[in-house]
Each structure stands twice: as C-alpha cells, then as structure tokens.
Amino acid sequence: MERNDTINFKALEKELQAALTADEKYKRENAAKLRAVEQRVASYEEFRGIVLASHLKPLEQKDKMGGRRTVPWNCHTIQGRTFQDVATEISLSSWKSS
C-alpha cells in the first residue's frame, strides 16, 4: 500500500465546518430542551415544538417597523438571476389588513 503524505485541506476544512455546525446545533437544541423543562411544558408536543423552533430568532425592531420592503417572492427559485430581477415589493399595510 502506498502512503500519501499530502493533506487535503479542502476536505479537512469541510469536515471542520460540518463538525462546528453540528456542535452549534447540539448546543442550541440542548439549551432549548433545558428551557422547555424549566417552563414545565404540558405535553411532549410543546416540548418538541420548542426544540424544533430553536433555530428561529426573534424579530428586531427594524424588522417590525418601517415602510415598504423588497423581498424575493421565492428565494429558492432564483438560480442565475439577480435579486432585483425577481424582487417583489410588499408593504406592511398589506400585512396589517389580513
């Protein structure tokens, strides 16, 4: 068997990023579990919901207030096109009337 002394840094970096992401997810979900237990949730469904939603972040004040926003209608379909090509303007007044 031949011994290969070169180090594949791209694969090593990819593995490191995956490990860091997994560690971050573990810590986030564990903290959510501890909060759910501390809150004494009534059912397993509530507990599970808290853990599954642990990646969500609360809105900031600038996200809640303001005028018009320009957002992509479906960001997953924008392949090869720029954000401005498919952006749709949405005003807060249209959300408030719902």
Side-chain angles (χ1 to χ4, degrees):
M1 207 183 332
E2 232 178 274
R3 185 173 168 197
N4 191 356
D5 289 335
T6 60
I7 297 174
N8 186 346
F9 286 104
K10 289 214 182 267
L12 190 60
E13 184 176 358
K14 187 176 180 180
E15 183 181 343
L16 175 64
Q17 287 301 323
L20 289 173
T21 302
D23 189 47
E24 180 181 316
K25 179 183 176 190
Y26 172 80
K27 287 180 181 179
R28 183 184 66 236
E29 288 182 352
N30 192 50
K33 290 174 186 177
L34 294 174
R35 280 194 310 276
V37 169
E38 185 177 298
Q39 293 174 10
R40 299 175 196 250
V41 293
S43 67
Y44 175 75
E45 286 76 25
E46 285 182 59
F47 175 84
R48 187 170 186 265
I50 290 172
V51 174
L52 290 176
S54 66
H55 69 285
L56 300 175
K57 295 184 176 31
L59 292 175
E60 296 179 8
Q61 187 66 25
K62 66 179 181 174
D63 296 330
K64 296 177 186 176
M65 306 302 276
R68 300 169 69 83
R69 305 236 190 271
T70 303
V71 296
W73 175 249
N74 185 352
C75 62
H76 298 291
T77 62
I78 305 172
Q79 294 176 357
R81 295 184 282 173
T82 64
F83 171 79
Q84 290 81 13
D85 291 342
V86 293
T88 304
E89 286 189 10
I90 298 175
S91 68
L92 289 176
S93 60
S94 65
W95 288 100
K96 290 178 183 175
S97 62
S98 300

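Quick note: numbers below take in every heavy atom, side chains included, and nothing from hydrogens, waters or symmetry partners. For reference, positions follow the sequence shown, starting with 1.
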- Query: Going only through I, L, V, M, F, W and Y residues with side-chain contacts under 4.5 Å, is there a path from Val37 to Val41?
  - Reply: yes

- Query: Roughly how far, to the nearest 0.5 Å, is the CG atom of Leu20 from the NZ atom of Lys25?
  - Reply: 15.0 Å

- Roughly how far apart are Arg35 CZ and Ser54 OG, rounded to 0.5 Å? 7.5 Å

- Task: Please round to the nearest 0.5 Å and tell me the distance separating atom NZ of Lys14 and atom CG of Asn8.
- Result: 10.0 Å

- Message: Can you tell me how far apart CD (Glu29) and CD (Glu24) are? Round to the nearest 0.5 Å.
- Response: 11.0 Å

- Gap separating the CZ atom of Phe47 from the CD atom of Gln39, nearest 0.5 angstrom: 11.0 Å

- Item | Arg48, CZ: over 12 other non-hydrogen atoms inside 6.0 angstrom | no

- Could you grab the distance from atom CG of Leu16 to atom CG of Asp23, nearest 0.5 Å is fine? 10.5 Å

- Same cluster or not: are Val51 and Tyr44 linked, directly or through other Ile, Leu, Val, Met, Phe, Trp or Tyr residues, by side-chain heavy atoms under 4.5 angstrom apart? yes

